[in-house]
Trainee: 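Dropping the structure in here first, questions after.
Owing to the predicted nature of the structure, the values given are computational and were not obtained by experimental measurement. Proteins come first, then strands; the chains are lettered A, B, ... in the order of their sequence lines, and each starts at number 1.
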2 protein chains.
Amino acid sequence: MLDQIDKTLLSNLQADSRFSAQELGELCGLSASQVSRRRQRLEADGLIRGYTAKLDPQRVGLAIQAFVQVQMAKHGTEPAGDFARLVELRPEITSVWTLTGEADYLLRVYCADLEELNHLVQNVLLAHPHVARVQSQIVMSQLKQDAQLPL
Amino acid sequence: MLDQIDKTLLSNLQADSRFSAQELGELCGLSASQVSRRRQRLEADGLIRGYTAKLDPQRVGLAIQAFVQVQMAKHGTEPAGDFARLVELRPEITSVWTLTGEADYLLRVYCADLEELNHLVQNVLLAHPHVARVQSQIVMSQLKQDAQLPL
DNA sequence: GGTGAAATCTACCTAGG
DNA sequence: CCTAGGTAGATTTCACC
């Protein structure tokens with residue numbers, strides 16, 4: 001299990017993965033060498049999946065964020081695998097979930113403009129043989145932005 | 001604007017922010033010193049907002065992910081600011097969006113178990129004076145997981 | 001928890017279009 | 001004048017004690 005030091009470590013690495021082992025040690029009351037060892041363990045155990053740069057979507061030219069709900073015409077393993085391959089191919093679809101409730105899939109999408117979003121909905125999603133209905137909701141504002149996981 | 005090298009750089013830093021300047025240089029056909037300079041510029045210009053560790057929600061004990069739609073009783077600036085403070089205080093609410101369409105807010109939530117999610121819905125969100133209706137949908141599976149932003 | 005060799009970063013300098 | 005590449009001092013990491 002995770003002890004308090006692990007939690008502090010993970011929390012700080014979520015906040016900024018560029019902290020040096022020395023800085024992390026000061027933040028959680030440990031020596032740099034112990035921090036290194038713990039971090040290696042957390043990586044090996046798969047609690048830390050990797051390290052990534054957070055980009056500003058606006059500034060990299062992605063003005064439109066949207067959530068797209070997709071309903072399938074028929075259910076079954078074959079349409080599902082087919083759809084999974086489709087979303088894997090489209091880089092503007094960054095996340096896909098299946099939820100309890102009405103819609104079959106919820107997609108998170110980043111696009112340069114409305115035209116690109118429309119193209120995705122009309123010519124990619126609705127063009128798919130098993131897709132019955134697509135409803136997109138555009139993000140108007142983001143009050144809280146991909147905050148840390150609570151530990 | 002972003003040239004092709006910047007895009008390659010950002011893409012690789014999204015994939016793994018621990019690439020050394022040397023490795024990045026090989027990946028985009030540049031010397032390590034130039035990679036450093038470009039990265040500093042991208043950071044200073046705010047295209048890179050920071051560096052973070054990606055955690056595995058399951059393994060850090062967050063078994064439940066959900067999307068929660070919240071509708072307010074009355075609209076206006078005062079209830080909105082009030083609600084913004086509420087979501088800021090709750091670490092299990094990691095993202096909050098306002099969308100076009102029916103619901104006022106969409107929340108992304110991580111919880112240890114269903115009980116914790118229920119507590120959030122019943123005793124935190126519905127207890128808020130301006131909240132009229134709350135509908136939560138639990139994530140059953142995730143086909144695509146917080147992929148890179150398309151560049 | 002501490003130490004030292006190896007790797008890495010970054011500021012400065014030089015060269016070319 | 002702006003962009004690219006090389007070099008050296010300082011910092012960081014990681015295997016070992």
Trainee: The side chain of B:R39 lies closest to which of these nucleotides: D:dT13, C:dT10, D:dG5?
Mentor: C:dT10
Trainee: Ion pair present between A:D16 and A:K54, side-chain N to carboxylate O less than 4.0 angstrom?
Mentor: no
Trainee: Using heavy-atom distances to pick each residue's nearest nucleotide on DNA chain C, tell me which of A:Q34 and A:R18 is more 5'.
Mentor: A:Q34
Trainee: Figure out the CZ/C1' separation between A:F19 and C:dC9, and round it to whole Å.
Mentor: 18 Å
Trainee: Test: side-chain hydrogen bond (donor to acceptor under 3.5 Å, both in side chains). Region: residues 137-151 of chain B. Which pairs qualify, not counting sequence neighbours?
Mentor: A:R49-B:Q145, A:S95-B:D146, A:T98-B:S141, B:S11-B:Q148, B:R108-B:D146
Trainee: Expressed as a whole number of angstroms, how long is the span from A:L30:CG to D:dC14:P?
Mentor: 15 Å
Trainee: Nearest to the side chain of B:R37, heavy atoms from C-beta on, is which of C:dC12, C:dT10, D:dC16?
Mentor: C:dC12
Trainee: To the side chain of B:A21, which of C:dG2, D:dT13, C:dC9 is closest?
Mentor: C:dC9
Trainee: Is it true that A:R133 and A:D104 have a side-chain N and a carboxylate O under 4.0 angstrom from each other?
Mentor: no
Trainee: Is it true that the side chains of A:Y110 and A:E116 contain a donor and an acceptor less than 3.5 Å apart?
Mentor: no
Trainee: Establish, with yes or no, whether the OP1 or OP2 oxygen of D:dA4 is under 4.0 angstrom from a side-chain nitrogen or oxygen of B:R38.
Mentor: yes
Trainee: Could one point to a donor on the side chain of B:S33 or the base of D:dG6 with an acceptor on the other under 3.5 Å away?
Mentor: yes
Trainee: Select one nucleotide: of C:dT10, C:dC13, C:dG1, the one nearest the side-chain heavy atoms of B:Q40.
Mentor: C:dT10
